[in-house]
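Comments concern the structure below.
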There are 2 protein chains.
Amino acid sequence: MNNTTLAKELDLNPATVLEMVRKLAVKKLVQILSDKSIRLTEKGEKKALLIIRKHRLWEVFLTEKLQYNWNEVHVLAEQLEHIESVDLVDRLDAFLKFPTVDPHGDPIPDKNGNLKIKTTISLDKALIKKNYTIVNLADTNDIFLQYLGELKIKPGIKLKLLNRNEYDATVSVIISKKTLQLSNKVAKNILLELVN
Amino acid sequence: MNNTTLAKELDLNPATVLEMVRKLAVKKLVQILSDKSIRLTEKGEKKALLIIRKHRLWEVFLTEKLQYNWNEVHVLAEQLEHIESVDLVDRLDAFLKFPTVDPHGDPIPDKNGNLKIKTTISLDKALIKKNYTIVNLADTNDIFLQYLGELKIKPGIKLKLLNRNEYDATVSVIISKKTLQLSNKVAKNILLELVN
DNA sequence: ATTTTTTATTTGGTTAACCAAATTTTTAAA
DNA sequence: TTTAAAAATTTGGTTAACCAAATAAAAAAT
Ligand SMILES: [Mn+2]
Ligand SMILES: [Mn+2]
Ligand SMILES: [Mn+2]
Ligand SMILES: [Mn+2]
């Protein structure tokens with residue numbers, strides 16, 4: 001990761017990012033390599049994973065317990081992830097019965113920061129006539145998620161890929177007996193796992 | 001409320017407090033009266049009550065759902081109360097089945113900021129031989145709460161006042177068949193309601 | 001009515017997180 | 001290799017929240 005991209009991603013001035021990165025380097029959370037690219041240190045990674053853990057557990061809480069739609073939880077979790085207390089997140093984890101993935105199918109790091117990433121294929125590259133389980137969604141965009149929500153597409157749902165249009169790569173899939181068409185853009189963001 | 005007391009309470013420099021109060025006045029959240037004392041405006045009160053509502057609901061959540069001891073929840077709630085979202089707190093409220101008091105017996109303002117305050121007597125002023133229900137605790141001090149926790153004293157519990165020592169105002173009470181002695185300092189912080 | 005004490009306010013600073021506009025360095029093209 | 005483009009860095013500022021010390025005003029005591 002380099003400075004400018006980071007700055008763009010964070011929507012901050014590169015000068016600001018540089019300043020912050022240097023502070024993080026002093027705290028040994030990031031390392032500035034000889035080619036000026038930025039890496040998380042072990043310590044930084046631990047801290048980042050804890051935040052991801054909190055974020056995703058809160059997302060589970062919000063959907064499962066407070067009945068939020070999965071497309072609404074991200075923004076709220078962005079606030080909740082900054083609540084300081086390791087104990088709290090562990091208790092939340094227990095309360096939620098130790099979920100392994102968040103509502104979008106993203107894996108939840110455990111207490112020690114271990115996270116098991118499944119290898120997936122995106123729907124736009126899946127094989128015709130095969131059965132898949134949706135495991136994850138690659139975009140957090142609210143409109144995208146709402147659209148999928150309306151079609152009842154979410155992690156855990158099974159689907160069969162019927163065919164892929166040669167002209168625009170639109171895919172036809174069967175989901176719970178119904179056939180539907182999905183654009184290439186959508187297909188790219190639906191990540192699948194082959195059914196045994 | 002005057003400036004210096006506020007500053008002491010917040011553990012801030014009076015200059016800082018003055019500056020902040022003026023900013024709040026611009027936002028019409030407080031009013032600086034002619035005698036320089038500070039008042040919340042209607043608007044400010046609303047905002048404050050919402051924060052109290054959030055604080056107390058999170059306290060309930062932490063004790064009821066995450067099994068926290070009631071003496072541990074205050075600090076955590078102090079963070080959680082700043083999560084921005086009216087909707088979230090209303091859902092939390094529903095999830096918790098609309099509790100009317102927090103774990104310390106403090107009333108929880110409803111959606112519209114209404115809160116019903118019970119009139120109570122503190123144990124140090126209660127009448128001998130009468131039966132009371134504990135409704136509230138007047139101190140948030142962790143050691144105090146932990147001490148009461150060990151004695152199984154908490155809101156909802158019934159007690160009978162046996163007598164009050166004339167010399168040091170220590171009280172003897174019966175709580176679930178057992179007699180115990182409580183110092184005047186403790187008694188002052190236990191708020192009661194007469195049983196019918 | 002003075003004097004003393006307390007409280008409020010002003011003034012001059014600091015630090016953290018930002019930014020815009022140079023300037024320098026690096027990388028990619030020609 | 002030069003030159004052009006992109007990325008990194010420096011420099012000089014801003015704003016929000018703070019504080020300490022000085023001064024002014026108000027309240028309390030004498
Ligand atoms: Mn998210
Ligand atoms: Mn997610
Ligand atoms: Mn509290
Ligand atoms: Mn409380």
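Computed from a predicted structure; not experimentally measured. Naming: A, B, ... by sequence-line order, numbering from 1 per chain. As a basis for the values below, the full set of heavy atoms in this structure was taken, side chains included, without hydrogen atoms, waters or symmetry mates.
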Taking the six-membered ring for Trp, is the centroid-to-centroid distance between A/Phe61 and B/Phe61 below 6.0 Å?
yes
Between NZ of A/Lys36 and C1' of C/dT27 the distance, given in whole Å, is 11 Å
Between D/dA7 (P) and A/Glu19 (CD): distance, integer Å:
21 Å
Rounding to a whole Å, what distance do you find between B/Asn3:CG and D/dA24:P?
19 Å
note: B/Leu6, atom CG; C/dT9, atom P; distance rounded to Å ~ 12 Å
Hey, do the aromatic rings of B/His74 and B/His55 have their centres closer than 6.0 Å?
yes
Between the base of C/dA20 and the side chain of A/Asn13, is there a donor and acceptor pair under 3.5 angstrom?
yes
So, is B/Thr16 close to the D/dA17 phosphate, meaning a side-chain N or O under 4.0 Å from OP1 or OP2?
no
Can a side chain N or O of A/Thr4 be found less than 4.0 Å away from OP1 or OP2 on D/dA8?
yes
Between A/Val17 and B/Arg22, just flag the one whose closest nucleotide in DNA chain C comes earlier from the 5' side.
B/Arg22
CG of A/Leu33 versus P of C/dT26: gap in Å, rounded?
15 Å
Under 4.0 angstrom between A/Lys23 side-chain N/O and C/dA17 OP1 or OP2:
yes
Among C/dA16, C/dT26, C/dA20, the one nearest any side-chain atom of A/Ala15 is C/dA20
Taken to the nearest whole Å, CD1/B/Ile38 to P/C/dT7 is 13 Å
I'd like to know if the side chain of B/Gln181 pairs up with that of B/Ser172 as donor and acceptor (distance under 3.5 Å, no hydrogens or angles considered).
yes
In whole angstrom, give the distance that lies between atom CG of B/Leu18 and atom P of C/dT6.
20 Å
Position toward the 5' end of DNA chain C (nearest nucleotide), A/Asp35 or A/Met20:
A/Met20
Is there a continuous path of hydrophobic side-chain contacts, each under 4.5 Å between heavy atoms, that joins B/Leu191 to B/Ile175?
no
Rounded to the nearest Å, what distance is computed from the CD1 atom of residue B/Ile32 to the C1' atom of nucleotide C/dT7?
15 Å
Considering residues, nucleotides and ligands other than B/Lys178, do more than 12 of their heavy atoms fall under 6.0 Å from its NZ?
no
